[in-house]
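Reading through the structure tokens given below for one structure.
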Amino acid sequence: MNEEQQQPQPDTNQIVEERRGKLRALRAHGNPFPNDFRRTHLASEVHVLGEGKDCERLEADPSEAAVAGRLMLKRVMGKASFATIQDMSGRLQLYITRDALGESVYDAFKHWDLGDIVGAAGTMFRTRTGELSLKVTRLRLLSKSLRPLPEKFHGLTDQEQCYRQRYLDLISNPEAQRTFRMRSHLIQAMREFFVARGYLEVETPMMQPLPGGAAARPFVTHHNALDMQLYLRIAPELYLKRLVVGGIEKVFEINRNFRNEGISTRHNPEFTMLEFYEAYQDYEYLMDLTEELLREVAVKVTGNVKLTYQGETIDLGKPFDRLTMAQAIARYNPRYPLHELEKPEYLRAALAPFDIEVFPTDGVGLLQLKLFEQTTESKLVQPTFIVAHPTDVSPLARRNEGDPAVTDRFELFITGREMANGFSELNDPEDQAERFRQQADAKAAGDEEAMFYDADYIRALEHGLPPTAGEGIGIDRLAMLLTDSPSIRDVILFPQMRPE
RNA sequence: GGGCGGUUAGCUCAGCCGGUAGAGCAGCGGACUUUUAAUCCGUUGGUCGCGAGUUCGAAUCUCGCACCGCCUACCA
């Protein structure tokens with residue numbers, strides 16, 4: 001970022017100018033940003049205290065409270081006023097009178113602005129209409145706000161501004177608050193799930209000398225002291241499996257991955273993944289565990305195993321379908337009979353109408369994958385495991401015992417989107433070395449997403465990786481599902497945006 | 001990357017067939033001691049995203065650019 005962008009724009013806005021004037025006047029009388037006010041209650045705690053108590057009871061036994069928050073609404077009626085403040089727990093109405101506060105404080109309050117941060121102390125009571133409020137005996141301005149809030153009724157609706165100035169979105173749109181609380185609860189619930197089962201949470205490098213564990217273009221950076229190129233990680237997978245080699249047999253990490261690819265409603269350059277590994281288990285176990293996990297977090301976060309996503313009901317309560325690609329293609333597209341989907345010529349003919357690259361070297365597995373992606377993926381609205389991915393596209397997964405052309409792998413689809421990817425891990429170092437060689441060849445041939453040959457990882461496998469099952473779950477997409485958010489930007493506090 | 005749509009006051013939005021800028025909220029001044037998006041009276045505030053073009057005249061029509069949104073492609 002250059003100097004000019006760092007400099008605040010000179011603001012000629014009239015409202016800001018008037019507020020700056022008010023701030024100047026406040027400075028003349030002391031510090032307009034004092035930090036010696038302490039609250040005793042959150043807004044929600046006041047509401048809990050007053051719950052079920054009528055006017056008479058509150059008057060007979062008055063509870064005191066000191067609260068603080070942002071001034072959101074203000075209704076001045078001569079010598080008495082109502083104001084609504086908002087803190088992290090919610091809102092509370094204040095009743096502010098000249099008689100209780102004295103003329104100078106009351107007159108000052110009349111010139112405070114929506115958006116100012118205030119502290120108030122007083123006693124609880126109920127208004128004529130029954131709203132629990134605070135009869136204020138002490139009132140102070142704690143932070144002067146210089147810029148006007150978004151419109152008090154409509155809130156902030158400009159999506160761009162919601163993303164760029166998330167604080168305004170959070171102040172004025174309760175749904176934004178709700179969404180990010182749910183996201184936080186989701187991550188909390190996942191952590192609890194794994195900790196309760198004896199998994200150890202770890203952190204592995206975000207900056208890696210070789211980016212591995214996924215097929216994706218990485219971000220590149222440079223370390224000056226070591227004078228070496230480093231990559232922001234595209235996945236933690238290879239490090240977590242090194243830890244399983246090291247004896248951490250149940251391990252998980254919830255952290256950021258970085259992929260230097262497109263931005264869309266489903267993609268942000270940095271996104272959060274859960275990855276977990278458990279020794280002496282296989283991919284069948286992972287599918288059972290995944291169902292259990294999703295049910296548990298859905299109930300903890302939303303209270304229900306049935307969700308609504310963009311008008312569609314998603315039921316996490318029923319056992320998830322488990323289909324091979326061919327089975328899924330046939331089920332969701334009756335025009336493709338299942339028995340034909342094992343024939344390469346049939347698959348090539350079926351793919352011809354689609355505008356995608358098909359190579360002469362593509363085997364049945366790859367052809368099925370391409371047809372699956374074109375015709376079926378988006379139709380997997382209810383939770384569905386797709387199993388038995390081709391070995392060619394699964395360089396870290398264990399081969400199936402009966403059919404070495406496919407792997408013991410699954411991907412979970414919900415709302416037509418990939419939510420999870422898991423497999424029995426490839427723990428044969430020689431097979432892994434061979435697969436890395438194929439990836440390295442593909443990279444040399446121009447495939448930018450192909451993997452590097454990771455000799456250090458092979459060395460770790462040569463020490464012996466126990467039979468292990470491992471899985472990754474995209475937290476942002478799960479958060480979208482649970483919060484009914486149409487865009488990944490709605491569940492990332494500060495999504496990547498072009499500079500203004 | 002491609003297609004479609006959007007950009008007007010701090011915010012939410014009108015602005016028709018081209019005639020020179022509007023409302024509500026917020027702000028400012030006034031009235032009002034139980035309001036609920038308080039109400040009532042008065043009032044300030046605009047390089048209509050940026051740049052060209054057409055025209056006597058452009059917020060409005062045309063072209064280009066920027067940013068955003070949606071769809072689409074790659075991907076999780």
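Chain identifiers are assigned alphabetically (A, B, ...) following the order of the sequence lines, protein sequences preceding nucleic acid strands; residue numbering begins at 1 within each chain.
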query = For A:Arg417 and B:C74, what is the distance between atoms CZ and P respectively, to the nearest whole Å?
reply = 16 Å

query = Are A:Phe82 and A:Tyr95 near enough that their ring centres are under 6.0 Å apart?
reply = yes

ask   = Less than 4.0 Å between a side-chain N and a carboxylate O, is that true for A:Glu291 and A:Arg322?
value = yes

query = Would you say a side-chain N or O of A:His111 is under 4.0 Å from OP1 or OP2 of B:G29?
reply = yes

task = Rounded to the nearest angstrom, tell me the gap between atom NZ in A:Lys79 and atom C1' in B:U34.
result = 15 Å

task = Give, for atom CE of A:Met206 and atom CD of A:Glu270, the distance between the pair rounded to the nearest 0.5 Å.
result = 8.0 Å

task = With A:Lys379 as the cation and A:Tyr332 as the aromatic partner, state whether NZ or CZ is under 6.0 Å from the six-membered ring centre and within 45° of the axis.
result = no

key: Euclidean distance, atom CZ of residue A:Arg20 to atom C1' of B:G45 [Å, nearest integer]   = 17 Å

query = Does A:Phe109 have A:Lys74 sitting over its ring (NZ/CZ under 6.0 Å from centre, angle to axis within 45°)?
reply = yes

Identify each atom pair where a protein N or O and an N or O of nucleotides 38-44 of chain B are less than 3.5 Å apart, giving names and distance.
residue : atom : partner  : partner atom : Å
B:A38   : OP1  : A:Lys152 : NZ           : 2.5
B:A38   : OP2  : A:Arg75  : NH1          : 2.6
B:A38   : N6   : A:Val76  : O            : 2.9
B:U44   : O2   : A:Gln14  : OE1          : 2.7
B:U44   : O2   : A:Gln14  : NE2          : 2.3

query = Does a distance-only test, which skips hydrogens and angles, find a donor-acceptor pair under 3.5 Å between the side chain of A:Asp99 and the base of B:U33?
reply = yes

query = Are A:Arg164 and B:C68 close enough that a side-chain N or O sits under 4.0 Å from OP1 or OP2?
reply = yes

task = Using whole Å, report how far CD of A:Glu160 lies from P of B:G49.
result = 14 Å

message = Distance check needed: B:C74 P versus A:Arg217 CZ, whole Å only.
response = 13 Å

ask   = CD of A:Gln161 versus P of B:C67: gap in Å, rounded?
value = 17 Å

task = Tell me, yes or no, whether the heavy-atom count around A:Met88 atom CE, taken from other residues, nucleotides or ligands under 6.0 Å, exceeds 12.
result = no

inquiry  = Taking only the P atom of each, what is the distance from B:C61 to B:C70 in whole angstrom?
reply    = 25 Å

